[in-house]
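Below, chains carry the letters A, B, ... as their sequence lines are ordered, and counting in each starts from 1.
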There are 4 protein chains.
Amino acid sequence: MSKRDDILSATLDLIDEEGLQSVTIAKIMKRANVGSGTLFNYFSNKEELVNEVYKAARQHMGEALLRNYNPGLSLYERFKCLQLNRLHFGLSSPKEFLFIDSYSYSPYISADLRKMEDASREIMLSLIEEGQTQGIFKEMDTHLSHQIIHGIMVSIVKGFIIQKYPLDGLQVQQTLEACWKAIRV
Amino acid sequence: MSKRDDILSATLDLIDEEGLQSVTIAKIMKRANVGSGTLFNYFSNKEELVNEVYKAARQHMGEALLRNYNPGLSLYERFKCLQLNRLHFGLSSPKEFLFIDSYSYSPYISADLRKMEDASREIMLSLIEEGQTQGIFKEMDTHLSHQIIHGIMVSIVKGFIIQKYPLDGLQVQQTLEACWKAIRV
Amino acid sequence: MSKRDDILSATLDLIDEEGLQSVTIAKIMKRANVGSGTLFNYFSNKEELVNEVYKAARQHMGEALLRNYNPGLSLYERFKCLQLNRLHFGLSSPKEFLFIDSYSYSPYISADLRKMEDASREIMLSLIEEGQTQGIFKEMDTHLSHQIIHGIMVSIVKGFIIQKYPLDGLQVQQTLEACWKAIRV
Amino acid sequence: MSKRDDILSATLDLIDEEGLQSVTIAKIMKRANVGSGTLFNYFSNKEELVNEVYKAARQHMGEALLRNYNPGLSLYERFKCLQLNRLHFGLSSPKEFLFIDSYSYSPYISADLRKMEDASREIMLSLIEEGQTQGIFKEMDTHLSHQIIHGIMVSIVKGFIIQKYPLDGLQVQQTLEACWKAIRV
DNA sequence: TATGAATGAGATTTCATTCAT
DNA sequence: CATGAATGAAATCTCATTCAT
């Protein structure tokens with residue numbers, strides 16, 4: 001792993017452990033085993049570094065959310081794929097998941113980055129529209145429907161991460177079902 | 001309002017406006033019209049102050065969530081009351097609502113405080129159990145059911161606050177319906 | 001005991017326990033059970049308070065050093081009386097003794113107070129002169145002789161206070177003898 | 001001289017000039033020509049800095065006290081060497097000498113440091129024991145004997161530093177004689 | 001006379017950032 | 001490329017002192 005990656009990774013770890021609030025450059029340097037000079041070679045200041053961590057996390061999540069997505073499948077299959085991908089991303093990359101969740105509304109992250117293109121969101125919105133047209137989903141503001149589904153998935157992952165309950169096959173199935181039913185006619 | 005309350009209130013306002021990141025004691029002092037000595041008489045350091053803001057917000061929300069709750073009503077009426085209370089709290093106290101949402105997973109808030117007793121949560125859990133026993137709600141981990149409902153409500157309020165959609169009678173009705181259906185049999 | 005005395009006494013205690021360095025008005029108030037207003041009624045500022053503590057200690061010591069001093073006694077008896085008085089003062093009032101020793105060279109105590117009239121010193125100096133005239137004490141700068149005696153006594157008391165050795169009849173006798181011999185012909 | 005030494009040295013100078021009471025970090029920074037960051041890189045707080053000054057002074061004195069000490073010499077020669085070394089240290093390094101004297105009983109200096117190993121003290125104690133065995137010194141607690149000698153030397157140097165008297169060949173000789181006689185049989 | 005909440009000047013301390021090596 | 005000692009602006013925090021009650 002390159003020094004640059006060491007720095008990004010150390011930063012994410014520390015944010016997860018202590019909160020951005022108390023993450024200092026000195027702590028990052030120590031954790032990443034680099035000198036301050038090195039760090040400022042790669043990132044011109046702390047804010048840029050944190051924004052780069054955010055950007056990398058968003059890119060990583062962006063890829064994960066569309067993994068194996070096949071537009072040719074049935075509405076339900078596509079719906080299921082998108083939700084499962086989010087869930088798996090949350091479980092396999094909890095630090096990135098929580099960081100994105102926490103900082104997507106923070107002024108510390110540049111507006112450009114926060115509004116970064118999100119293919120999966122667009123796909124999901126049109127999928128909802130399609131479902132409504134077909135009479136499968138209840139007619140309502142697609143953003144509202146999307147927000148409902150999104151709220152469920154994020155909440156379920158966060159609940160699991162802080163160990164409110166187990167999350168294996170059965171629970172995953174039940175969660176998917178809840179999402180589907182929540183916006184069904 | 002006491003000086004102490006002025007300080008708490010100024011702190012919440014500033015966190016809402018600029019993010020905890022950039023809230024300094026100096027800004028709080030100025031906004032609350034108090035000297036630094038006064039501030040440190042009431043709160044021994046910045047972390048304690050922020051934790052007290054969190055505590056006050058949680059207490060405020062705790063009361064709001066149980067407003068007009070009547071154990072004698074039907075399951076659906078009780079369910080609706082609790083969800084509407086959360087929604088109204090979010091709409092009438094968005095700063096507190098968002099602050100609680102952001103920092104309930106943050107290490108900056110003491111674990112004790114984050115896990116602070118929450119009567120409405122207990123009531124909601126037993127309401128879910130009751131519904132499952134009666135065959136109205138789907139049998140599953142009550143914490144999972146609860147997290148689903150909670151995820152929807154929080155997400156919907158946040159979406160409204162950041163102006164993704166309007167939230168009037170119709171949308172509120174649809175949201176409530178989504179919650180109910182999400183965990184129905 | 002009056003409030004004023006409570007304050008003086010609390011101050012001396014705290015200086016003894018923590019060093020003037022870390023004695024704050026707040027600690028004094030708490031220890032003396034008085035409000036800040038009361039304290040500043042009696043003493044116009046912290047420096048004046050500490051100086052009053054010093055003054056009281058010096059006065060107390062001044063009296064103790066001349067207790068039972070009888071100009072009619074023999075040279076040795078007078079010598080012994082003065083030395084024993086110092087020793088007893090140190091043992092019975094260690095806080096005052098150490099405070100005087102530590103702060104007699106500190107700029108925090110006003111020059112006037114530090115140079116405060118010291119009858120016992122004058123008496124001791126003339127006693128030394130008398131001894132030299134009589135050929136009992138070695139001829140040398142009387143201040144040097146005095147400083148030798150004084151150094152021994154102070155050192156012995158401090159050593160006892162920090163528990164380097166016991167100090168009962170035998171040791172007291174040996175110390176007196178050492179003083180006498182140190183400046184004898 | 002390293003920055004660290006600049007800081008230690010500036011601190012000692014200021015304590016000597018104004019008393020620890022009024023020495024601030026800002027004054028030290030200015031005198032030592034370093035930024036605050038530099039100072040806190042080397043010393044994590046003011047108390048630690050002052051303790052390090054004390055430690056350095058003790059180490060410096062420790063070396064000075066044993067200069068030219070030759071175990072092969074006669075009892076008197078060894079005695080004289082140790083006393084003269086202390087005297088010379090006091091005269092050549094008055095700031096360190098007075099600082100050590102003032103703070104060896106102060107709670108501001110950590111107990112560990114105050115009780116720091118002191119080779120010259122051990123040597124002096126065994127020298128006293130040797131003298132007692134040979135019937136030269138009076139039989140008494142060796143710590144008491146030591147404290148008597150120590151008290152004389154410290155007192156004499158302090159008296160000279162604050163200009164109570166001159167201290168040339170004659171006075172030095174008289175002081176040494178006083179020490180020797182004070183504990184003789 | 002006694003109180004203690006409020007104050008703010010000034011102290012300590014932090015930490016992102018620079019730059020010579 | 002990599003380093004880390006040095007920096008100082010800006011943050012946190014302390015504490016003697018005031019004053020209305």
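- If you measure from atom CG of B:N41 to atom P of F:dC13, you get 14 Å, rounded to the nearest angstrom.
- Taking only side-chain atoms of D:S36, from C-beta outward, the nucleotide of F:dA9, F:dT14, F:dT3 with the closest atom is F:dA9.
- Residue C:Q21 contributes atom CD, which lies 16 Å from atom P of F:dT14 at whole-angstrom precision.
- Using a 3.5 Å distance cut-off with no hydrogens or angles, the side chains of B:S104 and B:Y54 do pair a donor with an acceptor.
- In this structure, C:E18 pairs ionically with C:K27, as a charged nitrogen and a carboxylate oxygen lie closer than 4.0 Å.
- The pair A:E17-A:R31 counts as a salt bridge, with a side-chain nitrogen and a carboxylate oxygen less than 4.0 angstrom apart.
- Computed from coordinates, the D:F40 CZ to F:dA9 P distance equals 16 Å when rounded to whole Å.
- For the pair C:F43 CZ and F:dC15 P, the interatomic distance rounds to 20 Å; values are reported in whole Å.
- First and last contacting nucleotides of DNA chain E toward chain C (any atom under 4.0 angstrom from a heavy atom, 5' to 3' order): E:dA2 to E:dA5.
- Residue-to-nucleotide proximity on DNA chain E shows that, of D:T24 and D:T38, the 5′-proximal contact is made by D:T24.
- For D:R4 and D:E52, the salt-bridge test passes: some basic side-chain N is under 4.0 Å from an acidic carboxylate O.
- Per the geometry, CD1 belonging to A:I7 stands 12 Å off C1' belonging to F:dT3, to the nearest Å.
- Taking the nucleotide of DNA chain F with the nearest heavy atom to each of B:A26 and D:G37, the more 5' of the two is matched to D:G37.
- In this entry the distance linking CD of B:E48 with C1' of F:dT12 reads 14 Å, nearest Å.
- No more than 12 heavy atoms of other residues, nucleotides or ligands lie within 6.0 Å of NZ in C:K55, so this atom counts as exposed by the packing criterion.
- Residue order along DNA chain E, read from the 5' end via each residue's closest nucleotide, puts B:L39 first among B:L39 and D:V23.
- Side chains of D:Y103 and C:S102: a donor-acceptor N/O pair is absent below 3.5 angstrom, by distance only.
- Annotation: side chain of C:Q21 is in contact with side chain of D:Q21 (closest heavy-atom distance under 4.5 Å).
- Within 4.0 Å (heavy atoms only), B:Y42 reaches sugar-phosphate atoms of the nucleic acid but no base atom.
- At the heavy-atom level, B:I25 lies under 4.0 Å from the strands shown only through sugar-phosphate atoms.
- Between the NZ atom of B:K30 and the C1' atom of F:dA11 there is a distance of 16 Å, given to the nearest Å.
- The NZ atom of A:K46 sits 14 Å away from the C1' atom of F:dA10 (whole-angstrom rounding).
- F:dA9 and E:dT14 make up a base pair, with Watson-Crick or G-U wobble contacts both under 3.5 Å.
- The partner of F:dA20 is E:dT3, judged by Watson-Crick or G-U wobble contacts that both fall below 3.5 Å.
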